[in-house]
There are 2 protein chains.
Amino acid sequence: MIETLATKTGARPVVLDLPVDLGSSLPTGATKLAVEILGRRIANDAYRPGEVMPTEPELAESLGVSRTTVRDAIKVLSGKGMVRTARRYGTRVRPVEEWNLLDADVAAWHDPTHPRLQVMFAETTELRGIIEPQAAGLAAERATGEQIAAIVEAAYAMHPQSGAVEDLFAADCTFHATILDATGNLLMRQLRPIILTMLWISYEYGVLAKSQEPVSRDGHIAVAEAIRRRDAAGARAEMSQMLELNRRTAAQTMQDGPTG
Amino acid sequence: MIETLATKTGARPVVLDLPVDLGSSLPTGATKLAVEILGRRIANDAYRPGEVMPTEPELAESLGVSRTTVRDAIKVLSGKGMVRTARRYGTRVRPVEEWNLLDADVAAWHDPTHPRLQVMFAETTELRGIIEPQAAGLAAERATGEQIAAIVEAAYAMHPQSGAVEDLFAADCTFHATILDATGNLLMRQLRPIILTMLWISYEYGVLAKSQEPVSRDGHIAVAEAIRRRDAAGARAEMSQMLELNRRTAAQTMQDGPTG
DNA sequence: CATTTCTTTAGATCACATGTAAAGGCCCGA
DNA sequence: TCGGGCCTTTACATGTGATCTAAAGAAATG
């Protein structure tokens, strides 16, 4: 059954594991698989917004699971804003604007070649350009000693030559996630999933592999050092600059498609 | 049963209806009520983080619904990051940091006197101070004619003397929501729920009732006019100023507690 | 005898099956 | 055009077995 389900999802192999918990909180087992299958289908336009999905018995039949499991799966998707259900109305895909795009799963379910993913990447980049510099500024003012240490360590750990891509990626995740945490603002923390997911996507696209690393590492270090010396304005400026550089590199690289 | 459930939720009467759909996408009927009851209990510390909630049969018994309904409700709460379930582990409340605080329900479930609500209000205000000025700037560059018209109309509609608080509130919601939409960035739109919810809370606290209206209206108009003349820098500055004023008024007012 | 480690068991959710209730469109007739 | 029955589809209820984990208990060890 695993093979069957894996085939049905069309899941590509996951290259990198996120070093931090995104709080996905999905169920495990059959329901999780059903959620992924249906989520991927919706994300990749197998069912389009406004369209009525097959009925519960039909989905149960075609997925080889019980109606209960289908219902549970649909409920999860409903919680992410992807579908709406009602009696006699059926289960319909909601317009993309209603989707919980900050959810890591929703982004990750898209095929790497899906145009929407690039749109989302661009929009995330725009949002990051607004949020992260200010977050770095707040972190410079409020970060605890431990947080500063973690940020600095992560920045210096980004040796492109020294290790595997996984280590770079882990350090990058820690860097950005810790800065968001260090603002002490829990709402900032809510942006972690989408930021880390986009980070993951950009790694999959090989953004970091294309000779950007030394510059990127210097940028990270500049931000970290500004935070260490409690220089809010400096942290903001350095983060801005780093993100702009990253944006340009990403825009160039993503045209070529994924390398993973 | 309605009475019973209403009593059990401890729900306070809702004073204002949001003029826009927050996309709550909660199920309707018994499950919705069960979600609200349990959600309110968790939000108001009836069950504390780390604590094990009653078992499914116990909750079904005490709520007067079936196990299925309880399970569905818990699944919704799980999707909002408020609880985690596992076999033998029980259903436990997750730490507040994991909660989906951008979710309108999570915020709205808090009792008006709950200290966390004031923290969330402060954090939302901080986030708004970062996001909304930039959003106004983007809106100035990208808004469609219709959106500009809606923003301008909403701003001028904020006549404090002319009508009921409901109308003011509706105009305020339209104003902020449309600006976020006008950025054309779907991720910005995801911030609508929490912003509108906090707007709602501030109205409940009577922030607008305390002689702030004329100034606030002028601020809204200034932003709207800047957007109309495609003055991004002006829109940013005016929005910044307006939010800062709002922040100060809110901080002062919320000490007195809700008026509704 | 105290302490650590291993094993067992109880208890809770998960997954599934199936049946009934209710609600919301759809169609037909007036 | 509008109103009232159908009929489809999800919502809710209940029962059963499987599975997993945390904690209690047993055994081995210092």
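Chain identifiers are assigned alphabetically (A, B, ...) following the order of the sequence lines, protein sequences preceding nucleic acid strands; residue numbering begins at 1 within each chain. For the numbers below, each heavy atom of this structure counts, side chains included, while hydrogens, waters and symmetry mates do not.
- When heavy atoms are screened at a 4.0 angstrom cut-off, A:Thr68 is found touching base atoms of the nucleic acid.
- Contact check on B:Arg71 versus B:Glu56 returns a salt bridge, with a Lys/Arg side-chain nitrogen under 4.0 Å from an Asp/Glu carboxylate oxygen.
- Rounded to whole Å, the distance from CZ on B:Arg71 to C1' on D:dT16 is 14 Å.
- Ranked by how close their nearest DNA chain D nucleotide is to the 5' end, A:Thr91 and B:Ala86 are led by A:Thr91.
- Whole-Å rounding puts the B:Leu59 CG to D:dA13 P distance at 14 Å.
- Remark: C1' of D:dC20 and CZ of B:Arg92 are 14 Å apart, rounded to the nearest angstrom.
- For the pair B:Tyr89/B:Val52, no side-chain contact is recorded, criterion being any heavy-atom separation below 4.5 Å from C-beta on.
- Rounded to whole Å, the distance from CD1 on B:Ile74 to C1' on C:dC14 is 12 Å.
- A sub-4.0 Å separation between OP1 or OP2 of D:dA11 and a side-chain N or O of B:Thr69 is absent.
- Residue A:Glu56 contributes atom CD, which lies 6 Å from atom P of D:dA11 at whole-angstrom precision.
- Classified by interplanar angle (parallel below 30°, tilted 30° to 60°, perpendicular above 60°), the ring pair B:Trp99/B:His110 is tilted.
- Checked by distance alone, B:Arg87 brings a side-chain donor or acceptor within 3.5 Å of a matching partner on the base of D:dT19.
- Residue A:Tyr89 is classed as having no contact, given no heavy-atom separation below 4.0 Å to the nucleic acid.
- Nearer the 5' end of DNA chain D, as judged by each residue's closest nucleotide, is the contact made by A:Arg88, out of A:Arg88 and A:Arg67.
- Rounded to whole Å, the distance from CG on A:Leu63 to P on C:dA15 is 14 Å.
- With respect to A:Arg192 and B:Glu98, no salt bridge is recorded, no charged nitrogen being found less than 4.0 Å from a carboxylate O.
- Computed from coordinates, the B:Asp72 CG to D:dA11 P distance equals 9 Å when rounded to whole Å.
- Residue B:Thr55 places none of its side-chain N or O atoms closer than 4.0 Å to OP1 or OP2 of C:dG11.
- Separating the NZ atom of B:Lys32 from the P atom of D:dC12 is a distance of 12 Å, rounded to the nearest angstrom.
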Apply the test salt bridge (charged side-chain N to carboxylate O under 4.0 Å, His left out) to residues B:Glu126 and A:Arg142: give CA-CA distance (whole Å), side-chain angles for both, the deciding distance (0.1 Å), then the verdict. CA-CA 14 Å; B:Glu126 183 170 272; A:Arg142 303 176 186 167; 2.6 Å; yes

